[in-house]
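Here's the structure we're looking at; comments come further down.
In what follows, chains are A, B, ... by sequence order, proteins preceding strands, each numbered from 1. Just so it is clear, the model here is predicted, and its values are computed rather than measured.
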There are 2 protein chains.
Amino acid sequence: MRGVSNLNMASGEGGAESGRPATIDDVAALAGVARASVSRALNDQANVSAKMRERVLRAAEALNYRANPQARSLASRASKALALINCPALDAEPNSYYFAALELGALRAAAIAGFELSTLNVDANDPRRGEKVIELFESGRTAGVILPPPLSDDAALAATLVERGYPAVCISPSDAVRALLPGAGFDEQAAGKQIAERVLAKGHSRLGYLLGIEGHFSAEKRFAGFLEALAEAGLDPDAVTVLRGDFSFRSGVELGQAMLDGAERPTALICANDDMAVGALFAAHRRHLVIPDDISIVGFDDAPISGRIWPPLTTVHQPIRRIAASALDQLVEIVLRGQPPRPRFETIGYHLVERESLAPPRD
Amino acid sequence: MRGVSNLNMASGEGGAESGRPATIDDVAALAGVARASVSRALNDQANVSAKMRERVLRAAEALNYRANPQARSLASRASKALALINCPALDAEPNSYYFAALELGALRAAAIAGFELSTLNVDANDPRRGEKVIELFESGRTAGVILPPPLSDDAALAATLVERGYPAVCISPSDAVRALLPGAGFDEQAAGKQIAERVLAKGHSRLGYLLGIEGHFSAEKRFAGFLEALAEAGLDPDAVTVLRGDFSFRSGVELGQAMLDGAERPTALICANDDMAVGALFAAHRRHLVIPDDISIVGFDDAPISGRIWPPLTTVHQPIRRIAASALDQLVEIVLRGQPPRPRFETIGYHLVERESLAPPRD
DNA sequence: CGATCGACTGGAAGCGCTTCCAATTTGCTA
DNA sequence: TAGCAAATTGGAAGCGCTTCCAGTCGATCG
């Protein structure tokens with residue numbers, strides 16, 4: 001038994017002669033240089049000769065050396081704890097796909113960067129929600145935060161963060177916040193316009209729109225894009241039935257119902273996100289309507305569910321995980337460099353996903 | 001500006017007199033004891049007087065002291081890196097709800113326990129998949145692994161792990177593995193029986209069953225429970241149309257189609273998981289069948305989608321996140337104690353979720 | 001050609017914690 | 001009350017890494 005184990009070890013998996021992973025000192029010894037030089041070479045800092053770098057790299061390679069993130073962050077005094085704030089509305093779904101995807105994307109990027117990422121839940125309706133974020137920094141344990149909506153629309157919070165020099169990166173921030181803090185997202189307005197154009201191109205003119213939470217920047221932008229498309233098509237925005245929801249499946253069901261029961265039922269319903277679109281679809285099914293014959297429904301996000309329901313949803317693919325990863329990478333860079341966050345915005349690509357919930361109107 | 005910031009700091013958020021978090025030395029100084037004593041008291045080790053513990057605790061409390069996990073794990077030489085193995089079949093869906101939930105549940109528990117958790121992707125069809133897990137340990141970076149299906153059915157791997165003393169905990173392991181390694185899951189067979197009974201109670205007798213991946217223990221147990229219910233009801237198992245899928249939505253669509261097009265279409269279709277059930281539902285919709293009038297469909301897992309599709313799915317709620325968290329907690333305990341993993345199995349509760357995809361047969 | 005400067009490099013001091021080991025105290029026994 | 005083991009406590013040595021500081025060395029300048 002032991003023999004087998006040793007055999008495997010001898011086969012040269014790990015680093016040093018023992019089975020334990022190689023340390024920086026092992027690399028230094030093999031390369032015949034000082035520990036400090038290894039550190040410098042590996043973190044490609046200035047003042048390292050090409051020869052030195054080469055030797056160190058080769059030794060590290062030979063030993064299969066991987067720096068111990070614990071020791072590294074301890075030594076560099078960086079409290080490498082990052083936080084992702086989850087700030088749902090009280091009445092929203094408990095575990096929306098949106099936040100789960102955000103969390104997973106950020107978590108993976110954090111693992112790669114060697115940072116810890118914790119999640120802080122803050123009630124969106126709490127008036128002190130901003131202070132809770134600030135407290136995170138003041139307690140000294142947090143080096144930076146990722147702010148998803150609706151916190152990424154909170155200009156006052158952003159201003160405070162900037163003023164005190166606390167690193168923060170936003171997910172889909174509003175224009176006001178975007179001027180203050182870096183962020184990641186995609187062009188919501190262009191996407192909103194594009195899907196609206198697609199609907200219009202099918203020949204729909206009696207439209208319904210399910211808005212997201214009031215003041216939610218992404219949702220407003222999507223709607224602005226919709227309005228833009230409407231204007232370009234020469235359609236009257238007042239003729240559109242607009243209802244305000246809160247991004248949840250439940251609100252989609254309720255508002256979808258209202259929309260269907262209304263005097264003048266639209267032939268196409270555009271929803272600010274997929275959850276609501278799925279809810280509207282649910283409501284339509286309950287009314288025994290046939291989609292897209294009786295009514296077309298489109299969403300926004302391309303949540304996994306959208307391709308599995310019947311009929312599969314035409315929507316805009318939003319790469320949430322990549323956005324979260326981008327935000328985290330930016331945050332890491334800021335924390336590492338110690339520079340105040342410059343308001344850079346990383347735009348991630350999106351694309352329209354055409355499925356079967358959108359078709360020309362019946363008449 | 002600075003004034004505001006200082007004011008907040010003075011208001012006593014953090015620990016030491018400066019804004020930085022309190023260290024163990026701050027606590028030791030305040031309590032007037034040695035650093036070592038603080039460490040012992042806080043980790044409630046033996047040989048600490050009640051008085052000492054009291055003093056330390058009070059000082060730590062006063063300073064709002066929280067141990068630095070980096071330093072702790074560095075000093076304790078514990079490579080606190082745990083790994084969750086993702087071992088999907090080549091042709092399965094890329095990001096199934098199941099694994100995402102597993103990951104999130106484990107990730108959160110890991111954060112609480114102060115452990116790092118990384119994810120390793122291994123191809124289920126790779127004959128060397130077991131070795132990859134072993135290598136994780138041999139490289140010296142991993143202290144323990146969580147093995148979800150199908151790895152939790154791999155008795156050879158489990159035996160190797162036990163033999164070498166590598167900590168591992170399984171998700172829904174097979175009986176053979178359960179005898180070797182600790183694990184967490186729920187009583188699949190009882191659940192499988194329960195949902196089958198529910199179907200039978202509605203009056204169905206022409207049944208279809210969509211199996212999961214061959215040899216997948218959970219799936220087999222669910223089927224065994226189904227068979228049990230059948231036997232108790234005095235029904236002939238041979239009269240059931242049984243098709244084998246792979247847990248994916250796509251296989252659900254394909255097999256659902258086959259099932260519906262078959263000579264003798266069942267009045268109720270039982271699926272080994274929700275993804276396949278949703279796929280079958282999708283196929284039924286495409287055939288313009290009405291559910292549950294034309295055919296009842298039930299699933300297994302209670303994935304979020306199950307309550308949002310039409311009609312909402314009758315299924316068994318499987319608390320994946322709690323199972324993952326339980327597995328991680330067990331793993332942490334094993335790693336911390338350094339004891340060989342005893343084969344303890346933690347059973348998490350499940351419950352039947354009755355929705356609208358199950359109804360009496362039409363005839 | 002010697003002083004000066006800059007680019008590199010090595011030595012050493014910790015980061016905050018655990019843990020081994022020695023020193024001290026305590027609780028009893030004789 | 002002396003004497004000894006057990007219980008407790010303090011001191012100190014690192015864990016693996018970064019980083020400050022001082023030294024080395026070759027090249028440049030007057």
Side-chain angles (χ1 to χ4, degrees), chain A residues 14-16 18 20-56 59-60 63 65-81 114-116 140-141 143 335-338, chain B residues 14-16 18 20-56 59-60 63 65-81 114 116 140-141 143 335-336 338:
Chain A
S18 89
R20 290 187 353 285
T23 72
I24 193 171
D25 287 328
D26 295 326
V27 178
L30 181 61
V33 300
R35 181 200 300 174
S37 299
V38 176
S39 176
R40 274 187 298 257
L42 257 26
N43 296 349
D44 32 47
Q45 294 183 343
N47 297 336
V48 176
S49 69
K51 197 182 340 175
M52 168 68 82
R53 173 164 290 126
E54 168 65 18
R55 279 175 76 172
V56 169
L63 258 31
Y65 172 72
R66 294 261 299 120
N68 180 327
Q70 330 262 1
R72 179 179 288 214
S73 69
L74 185 59
S76 60
R77 287 158 200 69
S79 79
K80 304 222 169 193
F115 275 68
E116 280 180 40
R141 290 285 171 209
V335 168
L336 249 28
R337 299 198 186 280
Chain B
S18 89
R20 290 183 358 280
T23 71
I24 194 172
D25 287 329
D26 296 326
V27 177
L30 180 61
V33 302
R35 183 200 299 174
S37 299
V38 176
S39 176
R40 274 187 297 256
L42 258 26
N43 296 350
D44 35 47
Q45 294 185 343
N47 297 336
V48 176
S49 69
K51 197 180 345 176
M52 167 70 82
R53 173 165 290 128
E54 169 64 19
R55 279 175 76 172
V56 169
L63 259 30
Y65 171 74
R66 296 261 298 118
N68 179 328
Q70 330 261 0
R72 178 177 285 205
S73 70
L74 183 59
S76 61
R77 287 159 199 70
S79 78
K80 304 219 165 192
E116 279 180 41
R141 291 282 173 212
V335 168
L336 248 28

B/Ala31 meets the side-chain contact (heavy atoms from CB on, under 4.5 Å) criterion, sequence neighbours left out, with B/Val33, B/Ala59
Separation between OG (B/Ser49) and CZ (B/Arg55), nearest 0.5 Å, reads 9.0 Å
B/Leu42 CG to C/dG16 C1', in whole Å, measures 13 Å
Closest of C/dG10, D/dT8, D/dG16 to the B/Leu74 side chain is D/dG16
* To do: Decide yes or no for A/Arg40 and A/Asn47: does some side-chain heavy atom of the first lie under 4.5 Å from some side-chain heavy atom of the second?
  => no
A/Lys51 NZ to C/dA7 P, in whole Å, measures 17 Å
Taken in chain and number order and not counting sequence neighbours, the residues that satisfy side chain to side chain donor-acceptor pair (under 3.5 Å) with A/Asp25 are A/Arg35
By side-chain contact (heavy atoms from CB on, under 4.5 Å), B/Ala71 pairs with (sequence neighbours left out) A/Leu74, B/Asn68
Below the 4.0 Å mark, does D/dT8 have OP1 or OP2 next to a side-chain nitrogen or oxygen of B/Asn47?
yes
In whole angstroms, the gap separating C1' of D/dA12 from CG of B/Asp25 amounts to 13 Å
A correct 5'-to-3' footprint of nucleotides 18-28 of chain D, with B, S and - meaning base, sugar-phosphate only and no protein heavy atom under 4.0 Å, is BBB--------
Of all heavy-atom pairs linking B/Tyr65 and B/Thr23, the shortest is CE1-C, 3.4 Å
Rounded to whole Å, the CZ-C1' distance (B/Arg53 to D/dA7) equals 13 Å
